[in-house]
Every structure is written in C-alpha cells, then in structure tokens.
Amino acid sequence: MKILVAVKRVIDYNAKVRVKTDNTDVDLTNTKMAINPFCEIAVEEAVRLKESGTASETIAVSVGPKSCQEQIRTALALGMDRGIQIETEDSPESLSVAKLLAKVVAEEQPDLIIMGKQAIDSDNNQTGQMLAALSGIPQATFASEMKIEDGKAVVTREVDGGLQTVAIDLPAVVTTDLRLNEPRYASLPNIMKAKRKPLAVKTPDELGVEMKQHTKLLKVAPPAERQAGVMVNSIDELLEKLQSEAKVI
Amino acid sequence: MSTYTPPLQDSTFVLDQLIGLDQLCQDLNLDEVNSDLAGVVIEEAGKLAADVLAPLNIVGDHNGPKVSDGKVLETAGFADAYQQFVENGWATLTGPEAFGGQALPNVLGTAVNEMWHSANMAFGLCPLLSQGSVEALIAHGSETLQQQYLPHLISGEWTGTMNLTEPNAGSDLAAVAAKAVRDGDHYKISGQKIFITWGDHQMASNIVHLVLARLPDAPAGVKGISLFVVPKFLLDEQGQPGDQNDVCCISLEHKLGIHGSPTCVMSFGDNGGATGYLVGEENKGLNYMFTMMNHARQSVGLQGLSISERAYQQALQYSQERFQGSNPDGSKAAIINHPDVRRMLMAMKSGNEAMRALALSAAADIDRAHHGDAESKKRVEFYTPIVKGWMTELSQELTSLNIQVHGGMGFIEETGAAQHYRDARILPIYEGTTGIQALDLIGRKTLFDKGAALTQLQTDIQATVELLNSAKNTELNALGSKLGKALSKSQAASQWLLENAASDKQLMGNVSVDNLMMMGYLTGGWLIAKSALLADQLSSEENNYGSPFLNAKVATADFFADHYLPRVGQHAETILSGLKSTFAIDIDLL
Amino acid sequence: MAILVIAEHDNRTLKGATLNTITAASQIGGDIHLLVAGNNCKGVAATAANIAGVSKVLLAEQSTYEHQLAENMAKLVLELGKDYSHIISPATSAGKNFMPRVAALLDVAQISDITAVISADTFERPIYAGNAVATVQSLDSIKVITVRSTGFDPAEENGSASIAEIGTAHDAGISTFVSEEVAESDRPELTAANIVISGGRGMGNGENFGLLENVADKLGAAVGASRAAVDAGFVPNDMQVGQTGKIVAPDLYIAVGISGAIQHLAGMKDSKIIVAINKDEEAPIFTVADYGLVADLFDVMPELQQKL
C-alpha cells in the first residue's frame with residue numbers, strides 16, 4: 001500500500017513564543033523551526049508500516065514556502081521515500097491546505113493518509129478531517145493505536161471519556177495523537193540517503209486550487225498576565241475560588 | 001537539571017562563513033557534502049544529544065559505574081543511549097567509506113562532537129577513545145588488523161581504549177614497564193595500566209585496547225615502546241568476539257569529576273599473558289601515539305568548549321529565573337539585569353564563541369592537511385597546543401563563572417552547576433597537561449622552526465586588522481585597533497622569546513604557559529573579530545541569520561576585545577620579565 | 001439568523017460542555033436550535049429542552065448516530081446546517097471530529113476552540129498552546145465554530161424548548177464502531193495530568209501521602225512530590241517535580257507542605273493556577289501561588305477530600 005503523510009513546518013516546540021509588539025502576529029524571525037511533533041508521529045507510523053512490509057511506498061508532502069523543504073528533508077531522513085512540496089505563501093488556511101492535499105490524494109491515490117491531529121502553532125485540529133471530507137473518505141482522528149486488517153484500518157482513538165475503536169474503509173485519513181508511537185531520531189546513513197531522494201515541487205495553479213481567504217487575523221495578543229495571588233482563609237473559600245474564579249475544577 | 005540546547009546557529013555560522021564549508025568540501029573532493037547537509041547533520045545529532053544524552057549527564061554524576069567480578073557496570077541508561085548512538089550511525093561520521101564510515105569531513109565531526117561532550121562529557125569519552133583507536137589502526141595497523149577491527153570500531157559496535165599510563169609512567173612514557181613477549185604470530189602482554197578511560201563496560205560486544213608495552217630486548221626509554229591491539233574478547237574464526245582474553249579491570253578510580261566515565265585500573269596477563277597483536281613495527285609505538293596526538297589533543301580542547309557552553313547555558317537560564325533586588329520601577333529584578341551578572345554571561349558567551357571559532361578552524365585545517373595541504377599542516381600543528389592548553393584553561397574560568405552566577409546555589413550540588421566545574425577540571429590534565437602543551441608550543445612549534453609558523457599566523461592576523469580598520473562600520477574600526485594593539489604587544493614578546501629562549505631552557509620553561517595563554521587569547525580574539533567582520537558584511541545582504549544574530553556577533557567580538565584581549569598584553573609583559581625569580585628561592589624556603 | 005448548536009452527550013446524559021456552548025451561542029445572538037443526534041436519546045433531548053436560550057431541540061435518533069461517527073454526523077449536520085448563520089459545537093473530541101468535515105463540505109473555514117465572542121463574526125481563540133490569543137474574523141456566510149468550554153459560563157437550565165424529531169438517517173457506510181473503553185480510574189501521569197497535587201517535607205512521612213492520594217482520586221489528579229520529600233525517602237524518585245525531576249504545567253497545581261525552593265518552582269511555575277497550602281506563612285511558595293492557604297495540612301486535606 002501507498003502512504004501519504006502531510007508534514008507542517010512550525011516553531012520548534014522548545015522555542016519561546018513571542019508576540020509582535022504591534023500585535024499583528026507572532027514573531028517568528030530567527031526562531032528555530034521544526035516538523036510539527038504530531039506530524040513527526042505520523043511520519044514514524046508510516047515508516048514503521050513500510051518496515052513491517054505493510055506499506056510499499058511512503059510520501060511526505062508539505063504545503064508552504066520553500067523553507068518547508070527542510071521539514072520534508074527531515075521526513076526523508078527519518079525514512080520516507082519521496083517528497084512533494086506545494087509552494088504557497090506562509091500560513092495558508094487549513095481549508096486551502098486540505099484542498100491542495102485532496103488534489104495530491106487524487107493524483108497519487110494513496111491507500112492511507114496519516115497526519116498530525118493538530119499543528120502546535122495554529123492549534124486548529126481540522127485539516128485531516130477536512131481532507132477526508134473533501135476526498136469523500138473516512139477518518140480516524142486522535143489515533144493512539146492502529147492496525148491494517150482486511151483492507152480496513154482499525155484505529156483506537158483517544159476520546160474524552162477514554163478510548164474508542166473504529167474500523168474504517170481504505171483509503172482513509174488517520175490523525176495521530178501523542179501516544180501512537182515514539183518517533184525515532186534520524187540516523188546518519190538516512191540523512192545521507194535523504195539528499196538523493198526525489199522532492200517534487202508543485203503549485204496551487206498546477207493543482208487547480210484557488211487559494212481563497214475565509215478568515216482574517218485581526219489581532220494576536222499575549223495571554224492575560226497572571227493575577228497577583230490572594231490568600232484564602234478556608235477550604236470552602238479555596239474551593240469556591242477554584243470553581244468560580246479559576247474554573248479549574 | 002539544566003537542559004541543553006545545541007548551538008545550531010553559531011555552529012552553522014562558523015562552518016558556513018568563517019570556515020567556508022562549501023569551498024572546503026569542494027577542495028576535498030567531497031561532492032555530496034555541503035552546508036545544507038551539514039546543517040541537517042548538526043540538527044539531527046543535536047536532537048539525540050539534547051534529548052537522550054543530556055538528561056543522563058547528572059545521572060552519571062550521581063550514579064557512577066561499579067566494578068564487580070572484574071566487570072564494569074556502567075551507569076544505568078548509558079547502554080541504551082549508546083545503542084541509540086550506534087544504531088543511528090553517529091559513530092561512523094568521519095570514518096573512511098572502505099570500512100563502513102560516512103567519510104564526512106573532520107570539521108563537521110568536530111561540530112557534532114562538541115554537542116556530544118556538552119550533552120554528556122563522561123559518555124562522550126567512550127566514542128572519543130574509539131575514534132582514537134580507529135585513527136591509530138588506519139595510520140599504522142596491518143591490513144589484517146584493519147579488516148578485523150576497523151569495521152566494528154567505526155560502526156561503534158565495539159569500542160576502543162588507549163592504555164598508556166602506568167603507576168610510574170604518566171607524562172613520562174619512557175618509563176613504560178608493561179611487558180610484551182613474542183608468542184608465534186602474536187604477543188603475550190602483561191602489566192598494569194592505570195587511568196584507562198572506559199577500560200571496561202557492558203555497552204558493546206567487544207573492547208579493543210591499544211596498549212603500549214616493551215619487548216624484552218627493546219632499547220631503554222621511549223625508543224623501546226611498541227603498540228599492541230589487545231581485544232577484550234579474542235576473535236573467533238568468523239571474526240566475532242569469542243573467548244575472554246587475559247585482561248580485566250581490577251578497580252575503578254574515585255574522581256573529582258566525570259563520574260559517569262569508568263576510569264579503570266587494567267590488569268593484563270594475570271593468567272599467563274593477554275594475547276596482543278603488534279601495530280606497525282616493534283619499538284615504534286611512541287611515534288604511533290604521537291601521530292594520533294594532534295587529534296586527541298584537539299578533542300580534549302574541544303571538550304573545554306563543550307563543558308563551557310553547557311555551563312553558559314545553565315547560567316543564562318538560571319539568571320533569568322532568579323530574582324534578587326529591584327528594577328528601577330520597583331518590580332523584582334531577574335539577576336540577568338544586574339551588570340556584573342551580565343558581564344559574567346558575556347564573558348562566557350564571547351569565550352565560547354572564540355573557542356568554537358578556533359576549534360572548528362583547527363579541525364578544518366586537519367581536513368586540509370590530510371588532503372596534502374602543507375600550509376594547513378603547519379598551521380594545525382601550531383594550533384594544537386593552543387586548542388588543548390588555552391581552551392581547557394579557559395574552561396576552568398568559565399565553568400567557575402557559572403557557579404558564581406548561581407551564587408550560593410552554585411556551591412550546592414543540587415543545581416548541577418558544580419558538576420560542570422568538577423568535570424572540567426580533568427581537561428587541562430589528561431592528554432598532556434597545560435605545562436606539556438606550553439612546552440610543545442614554545443619549543444617544537446615556535447623555536448624549532450625559528451618562528452616560521454608563528455610569523456604566518458601573525459601575518460594573517462595583521463590582514464584582518466587591516467580589513468577591520470578599513471571597514472565602514474566604526475565598531476569594526478575600534479575592534480581593529482584593539483586587535484592591532486594586542487597583536488603588536490604579542491609580537492614584541494614573541495620576538496624576544498625567539499631571541500632569548502632558545503638558548504635558555506629555564507627561561508623557556510618559566511614563561512611557556514604565559515606564551516600559551518597569550519597566543520590563545522590572541523588567536524581567539526582574532527577569529528572572533530574575523531567572525532564579526534563576516535557578520536557585518538553579511539548583514540548588508542540577504543542572509544539566513546537575521547540582523548539580531550549578526551549584530552550580536554559584532555557586539556560579542558567587541559566584548560571579547562575589551563574583556564580578554566588586554567590579557568595578551570599582560571602575558572606579554574610577564575614573558576618579557578622572564579619570570580626571573582621562579583627559581584630564586586631554595587626549595588626548603590618554599 | 002439562527003444558530004445550530006450540536007449537543008454533546010452519550011445517549012444517556014447531556015454533557016456539561018453543551019451548556020457552555022449555548023452561552024457562547026447566546027453571546028453571538030439569535031434563535032438557538034440544539035441538535036441532539038444519537039440513538040435512544042430522548043432523555044437527553046428532554047434535558048436539553050430545559051436549557052435557557054434554546055428555542056428548539058432537534059432530535060435525530062438513528063443507530064447510525066449512536067457513536068457519533070464523524071462521517072455520518074457530518075452528513076446530518078450538513079443537511080440541517082445549510083440554513084443557519086452559525087453551526088457551533090463544543091470543542092470536545094466528538095465535536096472536533098465531525099465539525100471540520102462539515103466546514104469543508106460547506107466550503108467554509110472552521111474557527112476552532114473559541115474562548116470569547118467579540119461579535120457575530122469575530123472571535124478570540126488561543127494559539128501556540130495558549131502562549132498567544134488570536135482575534136479572528138470569519139468571512140464566510142456560515143460560521144462553523146467549536147467552543148472551548150472553559151471560556152464560557154454554563155447556561156441556566158430553566159428554559160422550555162419544543163422538541164422536533166428529525167427523520168433522515170444518514171449512513172456513509174465507510175466506517176463502523178468497534179468498541180470503547182472508558183478510562184480507568186488510575187491516576188494520570190504526572191506530566192500529562194490536568195491537575196497535580198504535590199507534597200513536600202511537611203507531609204512528615206510516606207503514609208501521609210495517602211491524604212493527597214485521596215484528594216487526587218476525587219480530582220482525577222496526579223500526585224507529585226518535592227525534592228525534599230523524595231530525599232527524605234517518603235516517596236519514590238519518579239514522583240519528583242522540580243528542576244532535577246519532572247517539569248509539569250497542569251491547569252491546577254496544588255502544593256501541600258512545600259516551602260517552594262527555587263528547584264521546585266522551576267518544575268511547576270508554568271502551571272496555569274497554583275494553590276499553596278502551608279502552615280508557614282513565610283514560605284516562599286506563597287509568592288508564586290494564585291491562591292494561598294495558611295493551614296495545617298493534616299486538618300485541611302481531609303476536609304478538602306470530603307468537600308470535593
């Protein structure tokens with residue numbers, strides 16, 4: 001089977017997030033960038049399926065400016081077979097990304113598409129579901145375990161109350177949760193090989209997708225500062241504050 | 001526990017801009033290697049260093065290896081980490097392709113090694129020693145020995161050790177007493193070796209000891225020492241580890257630092273003699289050791305940078321989390337806002353960047369020298385004692401500053417600041433003490449060629465001074481003037497040494513360390529100034545670094561020039577004094 | 001203008017997040033219809049009809065909706081939602097699952113996880129794991145939105161909406177429910193827990209950590225410890241929170257009998273809400289706590305357990 005994995009270039013999860021002083025966006029100048037951690041889990045799952053003989057070919061696709069080729073190269077260094085970059089401006093909207101990916105899915109005809117459940121920058125948690133809908137195929141989001149059996153994917157999903165297992169027909173979209181696997185580190189021989197792996201570049205025009213704007217980012221602000229602490233006099237008062245003021249219990 | 005963040009941006013800057021990695025790789029005929037690949041290699045190695053090795057650093061410090069029944073059990077977690085290190089192919093980085101290596105340039109290997117040692121120096125010593133064994137066998141081993149051992153050592157499946165020191169043979173290897181007796185196609189080795197780093201452990205399926213020993217009929221002194229391969233497990237017919245050889249670890253040293261690294265007392269031949277195989281020819285062992293010396297000493301110098309970088313990162317983190325005193329607006333001040341704390345951080349940052357520039361420049365010269373470039377060979381020979389001596393001495397000061405930034409908490413083991421300080425203390429000692437390095441620099445590297453290599457370096461520094469002076473940026477002009485001043489003071493001292501020290505061994509010894517430190521600060525100051533010049537040029541074009549980083553490069557060089565370059569003049573003054581009173585007092589009055 | 005809200009439930013009970021979502025819908029303004037899609041869930045619809053601000057409950061009962069499979073739910077919501085200005089769901093695992101499918105099929109964006117309503121088309125939502133807050137305007141004719149329940153108070157339950165049954169049964173036929181496993185009652189991992197309760201040297205001994213465990217079980221919290229408590233041998237090393245132990249950043253961190261050495265603060269200072277309980281009113285932990293209680297833990301921990 002053929003597996004397509006979408007990877008997103010995002011701020012490194014260790015890097016500090018700074019909001020621009022004019023509150024127009026987050027300041028990413030000279031910030032370390034990396035593969036979105038959930039996408040890395042998707043890559044790992046695909047590579048494992050290839051290693052176990054279930055998959056025959058694995059493709060990493062990323063949508064964004066040329067710089068996202070770095071993340072495709074990383075995916076190739078982790079063991080993916082070839083890469084596709086879809087050249088766009090910075091931060092295209094999820095719906096546009098889903099439409100571009102749907103065209104790649106139509107072209108490549110993968111049996112399985114694995115994606116991160118969300119990107120740690122926009123925290124939208126929607127592109128995989130949108131892609132599945134646009135491609136008219138089923139989905140299993142927040143996967144913590146998956147098996148391929150009799151032409152179906154049997155996926156255990158992390159849901160609010162616990163775990164839910166579903167069986168979905170292939171082709172399908174699976175989005176990864178943290179516990180699906182622990183991604184490996186790229187090995188030196190694979191880094192060397194990755195240089196020689198093919199990486200195709202496509203444009204939205206070539207794919208016939210119009211990049212329409214559906215939302216407008218009006219403002220980005222830092223989160224509210226921590227309130228100065230208060231002393232409470234009893235457990236009752238504490239519980240009252242935690243329930244009605246802090247709303248954490 | 002302090003986290004470790006690989007200095008990807010600075011390493012990349014030094015490799016791409018100061019060294020000119022793309023050009024270097026073309027010169028070395030490495031078609032597939034370029035700065036893009038190097039960037040990925042450093043980043044991915046950095047992940048393993050930061051995520052896997054760095055958290056084990058403090059574990060090794062608290063729970064060092066134990067010896068039982070002649071077997072050393074390394075710190076828990078080290079074996080898994082080592083396996084990951086090997087499986088991911090990091091041991092193969094610079095090894096030749098013929099034996100399964102990736103044949104990447106030494107300069108890239110050095111940038112990667114910096115991270116291993118920052119993350120966990122005690123751990124990093126194991127692959128460092130293996131690399132030394134690999135080089136010895138490549139340079140001097142027979143084809144049979146190479147075929148048998150190199151693929152396994154380069155893959156990291158087996159590790160290597162260096163067995164030089166004996167209870168009575170430390171810096172003076174002429175006193176080596178371990179015995180080797182011919183026995184058919186091999187030799188029987190017996191004797192005791194001490195201070196054997198990673199002499200035994202359970203992380204690899206075999207350990208290849210390189211042992212210095214003396215044949216019964218060998219000439220006395222250093223000309224009678226031979227080098228042998230003594231495997232922990234003898235190889236069977238398939239070349240796999242088989243029977244246990246007559247070698248074992250009899251005890252572990254209790255040390256001030258690098259607790260995670262087993263420092264073994266090794267006993268050879270307790271049961272009739274350990275089987276050993278001669279490397280190269282008989283009685284030439286010491287020469288073979290010397291050919292590896294450049295690299296081993298560079299590696300230890302690099303550790304000086306690594307440990308200082310780790311200490312700096314910890315100080316930087318702590319100084320932003322620790323609040324003492326108030327800001328002008330009455331809010332509590334993080335100590336990073338206090339000028340003296342900021343001064344210490346800048347001293348660490350600028351020191352580290354100068355060391356990185358020097359370590360990688362020297363590493364690139366090794367690549368060029370291996371490729372047959374005679375000028376680079378001379379330059380790297382001149383650099384070697386400076387890299388080893390100056391960088392490890394500076395690491396004492398910088399790891400101490402980390403403790404100072406921590407204040408009282410730095411003196412408390414719990415913060416981990418003390419570990420870096422303790423770990424660093426071995427660096428000016430092993431692989432030749434600072435005193436040995438200083439004598440090497442002043443004797444073999446300066447007086448012996450009548451200052452030829454030194455003059456070439458001075459010429460190069462002068463060229464940078466002129467470029468700085470003629471730059472449009474006034475900050476660079478000021479930098480040029482400071483560097484020029486330091487250069488001329490050092491030139492006066494060097495000239496005086498050339499005229500007076502050759503004929504006066506005691507004078508040479510008195511001021512040798514001052515000469516070493518003078519050359520260290522001068523060379524470091526030169527390379528960091530050169531980096532500033534390149535950063536300034538880059539900032540006017542499109543670049544990947546961004547102006548905050550490039551401006552910081554210039555400011556850091558400026559801080560180095562004000563904080564460290566005056567030391568060039570101080571050391572020069574001491575040299576010119578000849579330190580005449582060194583022996584003025586009788587021993588019983590000392 | 002009418003708003004379609006999709007109820008969160010398990011066929012037996014209506015989940016609280018629905019109430020917060022109704023509040024968000026009320027802030028947008030307009031007639032609010034609440035869809036209860038499931039199987040044998042008339043009881044849920046009856047409860048839903050009581051929510052203040054809901055004018056109509058749409059009840060879709062079919063076996064294909066029983067487990068809220070995204071493929072089937074999306075078809076249903078798509079069919080019903082075309083005539084609404086807003087389609088809103090709680091940002092629960094169910095809502096997050098089917099809502100983006102609805103948005104994509106309507107060719108509109110989804111505004112995920114809103115925490116505030118600025119106007120009918122403009123919302124606030126956290127990005128970068130809450131390190132920044134974005135104000136986003138939707139340019140679409142139908143706004144598809146998921147709501148983070150912590151951003152809104154729950155709606156009152158004193159309304160009386162009509163209930164209308166929806167007959168259509170959608171079955172995409174491409175996915176099936178296999179099984180489910182309700183989370184075990186075991187306490188969560190320290191680093192993954194939403195609530196962490198930690199004890200220090202003030203706990204006195206290891207047995208007394210039972211006081212914390214009892215509270216933790218009520219809160220679904222993980223139990224941690226300070227370095228001092230670990231060094232004193234009260235609890236094992238893997239419970240240590242601090243610079244040399246685990247770094248945690250839960251929504252709620254309760255420090256009990258912990259003085260607040262820098263080492264410990266480094267391991268928990270990014271927690272959203274910090275509560276400190278200590279009998280020493282000078283303990284440094286109070287300087288970082290949002291709520292401090294000067295009290296003997298042996299008095300107040302049993303009380304806390306009892307009152308939760």
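In what follows, chains are A, B, ... by sequence order, proteins preceding strands, each numbered from 1.
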- Query: What part of A:Leu239 gets closer than 4.5 Å to chain C, counting heavy atoms only: side chain, backbone, both or neither?
  - Reply: side chain
- Message: With a strict 4.5 Å heavy-atom criterion, list every residue of residues 129-142 of chain A that contacts chain C, or say none.
- Response: A:Gln129, A:Met130, A:Ala132, A:Ala133, A:Leu134, A:Gly136, A:Ile137, A:Pro138, A:Gln139, A:Thr141, A:Phe142
- Counting only heavy atoms not in A:Asp150, do more than 12 fall under 6.0 Å of its CG? no
- Message: Any heavy-atom pair between the side chains of C:Tyr128 and A:Ile120 that's under 4.5 Å?
- Response: no
- Query: Which residues in residues 71-78 of chain C have any heavy atom lying under 4.5 Å from a heavy atom of chain A?
  - Reply: C:Glu71
- Side chains of C:Glu181 and A:Thr156: closer than 4.5 Å at any heavy-atom pair? no
- Query: Between A:Lys212, A:Glu245, A:Glu158, which residue shows the highest count of heavy-atom pairs closer than 4.5 Å to chain C?
  - Reply: A:Glu245
- Hey, what do you get for OG1 (A:Thr215) to CD (C:Gln110), rounding to the nearest 0.5 Å? 11.5 Å
- Query: Are A:Ile249 and C:Leu219 close enough that some pair of their side-chain heavy atoms sits under 4.5 Å apart?
  - Reply: yes
- Ranked by heavy-atom pairs below 4.5 Å to chain A, first place among C:Val136, C:Val108, C:Leu252, C:Asp140 goes to C:Asp140
- Message: Is it true that, when you exclude C:Lys218 itself, more than 12 heavy atoms of the residues, nucleotides or ligands shown sit nearer than 6.0 Å to its NZ?
- Response: yes
- Quick one: of C:Val178, C:Asn97, C:Asp251, who has the most non-hydrogen atom pairs under 4.5 Å with chain A? C:Asn97
- Task: Compare every heavy atom of A:Ser234 with every heavy atom of C:Leu293, then report the nearest pair and how far apart it is.
- Result: CD1-N, 3.6 Å
- Task: Look up atom OG1 in C:Thr122 and atom NZ in A:Lys219, then write down how far apart they are to the nearest 0.5 Å.
- Result: 12.0 Å
- Nearest-0.5 Å distance, CG of residue C:Asp153 to NZ of residue A:Lys247: 4.0 Å
- Message: Under a 4.5 Å cutoff for heavy-atom pairs, which residue among A:Asp121, A:Val10, A:Asn23, A:Asp25 has the most contacts with chain C?
- Response: A:Asp121
- Task: With rounding to the nearest 0.5 Å, note down the distance linking CD in A:Gln164 to OG in C:Ser93.
- Result: 8.0 Å
- Between C:Asp121, C:Thr176, C:Thr92, which residue shows the highest count of heavy-atom pairs closer than 4.5 Å to chain A? C:Thr176
- Would you check if there is a donor-acceptor pair between the side chains of C:Arg125 and A:Asn124 at a distance under 3.5 Å? yes
- Query: Which bit of A:Arg18 is near chain C, if near means a heavy-atom gap under 4.5 Å: side chain, backbone, both or neither?
  - Reply: neither
- Rounded to the nearest 0.5 Å, how far does CD1 of C:Ile174 lie from NZ of A:Lys152? 10.0 Å
- Query: Between A:His214 and C:Asp107, is any pair of side-chain heavy atoms under 4.5 Å apart?
  - Reply: yes
- Message: Pairing donors with acceptors under 3.5 angstrom, does anything connect the side chains of C:Tyr291 and A:Glu237?
- Response: no
- Close contacts, residues 89-103 of chain A versus chain C, judged by heavy atoms under 4.5 Å: A:Glu93, A:Leu95, A:Lys99
- Could you walk me through whether A:Val220 and C:Ile127 pass the side chain to side chain contact (heavy atoms under 4.5 Å, CB included) check? CA-CA 9 Å; A:Val220 174; C:Ile127 53 175; 4.3 Å; yes
- Do any N or O atoms from the side chain of C:Gln137 and from the backbone of A:Leu217 form a donor-acceptor pair under 3.5 angstrom? no
- Task: Would you mind reporting whether C:Val294 and A:Met231 have side-chain heavy atoms less than 4.5 Å apart?
- Result: yes
- Message: Quick check for you: among A:Val248, A:Asp169, A:Thr165, A:Thr175, which has the greatest number of heavy-atom pairs under 4.5 Å with chain C?
- Response: A:Thr165
- Message: Just so I know, are the side chains of C:Val275 and A:Leu242 near enough to count as touching, which here means a heavy-atom distance under 4.5 Å?
- Response: yes
- Task: Could you tell me which portion of A:Val26 (side chain, backbone, both or neither) has an atom closer than 4.5 angstrom to a non-hydrogen atom of chain C?
- Result: side chain
- Task: Would you please go through residues 297-308 of chain C and name the residues with a non-hydrogen atom below 4.5 Å from one of chain A, in numerical order?
- Result: C:Val300, C:Glu303, C:Leu304, C:Lys307, C:Leu308
- Query: Heavy-atom distance under 4.5 Å to chain A: side chain of C:Ala134, backbone, both or neither?
  - Reply: both
- Message: Which one wins on heavy-atom pair count under 4.5 Å against chain A: C:Asp10, C:Leu69, C:Asn131, C:Leu105?
- Response: C:Asn131
- Query: If you measure from CD on A:Gln118 to CG on C:Asp113, what distance do you get to the nearest 0.5 Å?
  - Reply: 8.0 Å
- Task: Could you tell me which portion of C:Glu124 (side chain, backbone, both or neither) has an atom closer than 4.5 angstrom to a non-hydrogen atom of chain A?
- Result: neither
